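Okay, structure first, notes after.
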Amino acid sequence: MNDLYRFGISLEKQLIEAFDRHIKHQNYRNRSEAIRDLIRQELSRKRISEGGIVAGAVTMTYDHHKRELVNTLLDIQHDFQSLIISTQHIHLDHHHCLEILAVRGHARDVEKLANSLKSQVGVKQVELSISATD
């Protein structure tokens, strides 16, 4: 950090005590680190909500024996190929697979991809984890 700015804030005792417990639970070394992360997180949320560029992962579990599901999922991925950086496919058991898609693109498009995947019959769960890029 090139330039550090110090500032003071006033908080109710109950709020700062709860925050200190949170900091300890999250293994922060001090309040400054925790506050920096909260500010970055909020600014990232704002960029995401404004449709900014994001990077992240779509994690999906599904029953690969469901009729035509695998072909449908591949078709969807091809439709969104400009967003998908890479994929990883893992066989969980005889019927179930885990697939992780590394993605980068406009937040709205990434969310559209995740929603297209999760709406398919046979898909058990889809989780989207994204962060705004600088």
Side-chain angles (χ1 to χ4, degrees):
M1 288 183 226
N2 296 340
D3 297 319
L4 287 178
Y5 294 90
R6 293 183 186 271
F7 67 95
I9 58 173
S10 301
L11 300 172
E12 296 87 7
K13 183 177 184 198
Q14 192 175 24
L15 182 59
I16 195 65
E17 288 172 348
F19 188 59
D20 285 342
R21 286 191 299 275
H22 170 75
I23 288 170
K24 184 177 180 182
H25 183 260
Q26 297 292 318
N27 295 320
Y28 283 104
R29 289 185 295 170
N30 55 54
R31 289 177 182 158
S32 291
E33 286 181 10
I35 290 170
R36 276 192 292 270
D37 275 356
L38 289 172
I39 291 169
R40 285 187 196 109
Q41 185 178 38
E42 187 59 29
L43 293 174
S44 180
R45 270 194 212 124
K46 183 178 186 300
R47 286 193 303 267
I48 290 168
S49 71
E50 292 172 346
I53 301 295
V54 298
V58 178
T59 306
M60 168 177 55
T61 56
Y62 61 91
D63 180 351
H64 81 269
H65 284 295
K66 191 71 178 169
R67 184 180 174 106
E68 291 299 312
L69 178 60
V70 173
N71 289 335
T72 302
L73 295 177
L74 285 174
D75 287 343
I76 292 168
Q77 290 180 41
H78 281 272
D79 291 342
F80 289 90
Q81 67 181 332
S82 64
L83 301 176
I84 299 172
I85 300 167
S86 71
T87 63
Q88 183 175 21
H89 182 91
I90 299 140
H91 302 284
L92 297 174
D93 58 35
H94 185 69
H95 289 277
H96 299 96
C97 295
L98 167 69
E99 197 150 308
I100 304 163
L101 311 176
V103 295
R104 184 175 190 281
H106 288 279
R108 289 183 198 101
D109 296 333
V110 171
E111 288 172 344
K112 193 182 297 184
L113 165 62
N115 290 336
S116 295
L117 295 168
K118 84 168 64 167
S119 65
Q120 303 305 310
V121 175
V123 172
K124 304 295 183 185
Q125 185 172 1
V126 172
E127 294 291 328
L128 174 60
S129 174
I130 54 176
S131 297
T133 60
D134 292 323

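The first residue of the sequence shown is numbered 1, and numbering continues consecutively from there. Every value quoted in this text rests on a predicted model; they were computed, and no experiment measured them.
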[X] and [Y]: same hydrophobic cluster, using ILVMFWY side-chain contacts below 4.5 Å?
| X | Y | value |
| --- | --- | --- |
| Leu15 | Phe7 | yes |
| Ile23 | Ile9 | yes |
| Val70 | Val121 | no |

Give a yes or no on this: more than 12 heavy atoms of other residues, nucleotides or ligands lie within 6.0 Å of atom [atom1] of [X].
| X | atom1 | value |
| --- | --- | --- |
| Gln26 | CD | yes |
| His25 | NE2 | no |
| His22 | NE2 | yes |

Exercise for the section: Report the C-alpha distance between Ile53 and His106 in whole Å, list the side-chain angles of each, state the deciding distance to 0.1 Å, and finish with yes or no for side-chain contact (heavy atoms from CB on, under 4.5 Å). Expected result: CA-CA 4 Å; Ile53 301 295; His106 288 279; 3.6 Å; yes
Handout entry: Residues Glu42, Arg45: salt bridge by 4.0 Å N-O rule
Key =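 Arg45 and Glu42: salt-bridged.
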Handout entry: Residue from Val110, Leu128, Leu117 passing side-chain contact (heavy atoms from CB on, under 4.5 Å) with Leu101
Key =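 When side-chain contact (heavy atoms from CB on, under 4.5 Å) is applied between Leu101 and each of Val110, Leu128, Leu117, only Leu117 qualifies.
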Exercise for the section: Determine the sole option in Val126, Val123, Ile90, Leu98 for which the side-chain contact (heavy atoms from CB on, under 4.5 Å) test with Thr61 is passed. Expected result: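 When side-chain contact (heavy atoms from CB on, under 4.5 Å) is applied between Thr61 and each of Val126, Val123, Ile90, Leu98, only Leu98 qualifies.
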Practice task
For Leu83 and Gly105, work out which heavy atoms get closest and say how close.
Solution key: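 Closest approach of Leu83 to Gly105, heavy atoms only: CD2-CA, 3.8 Å.
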Exercise for the section: Identify the two heavy atoms, one from Ile76 and one from Leu113, that lie closest to each other, and give their separation to 0.1 Å. Expected result: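 Closest approach of Ile76 to Leu113, heavy atoms only: CG2-CD1, 3.9 Å.
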Hey, what do you get for [atom1] ([X]) to [atom2] ([Y]), rounding to the nearest 0.5 Å?
| X | Y | atom1 | atom2 | value |
| --- | --- | --- | --- | --- |
| His64 | Leu73 | NE2 | CG | 12.0 Å |
| Asp79 | Leu74 | CG | CG | 11.0 Å |
| Cys97 | His65 | SG | NE2 | 8.0 Å |
| Arg47 | Ile130 | CZ | CD1 | 11.5 Å |
| Arg31 | Leu11 | CZ | CG | 8.0 Å |
| Thr72 | Lys66 | OG1 | NZ | 11.5 Å |

Exercise for the section: Start with the C-alpha gap between Phe19 and Ile35, add the side-chain angles, then the distance that decides, and say whether side-chain contact (heavy atoms from CB on, under 4.5 Å) holds. Expected result: CA-CA 10 Å; Phe19 188 59; Ile35 290 170; 3.9 Å; yes
Practice task
Measure from the side-chain N and O atoms of Ser44 to the backbone N and O of Ala132, and report whether any donor-acceptor pair falls under 3.5 Å.
Solution key: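 Here the side-chain-to-backbone pair exists.
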Exercise for the section: Could you check if a side-chain atom of Glu17 sits within less than 4.5 angstrom of a side-chain atom of Asp20, using non-hydrogen atoms only? Expected result: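 Counting from C-beta outward, Glu17 and Asp20 never come under 4.5 Å.
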Handout entry: Passing candidate, side chain to side chain donor-acceptor pair (under 3.5 Å) with Tyr62, options His96, Lys118, Glu99
Key =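 Testing Tyr62 for a side chain to side chain donor-acceptor pair (under 3.5 Å) against His96, Lys118, Glu99 leaves exactly one candidate, Glu99.
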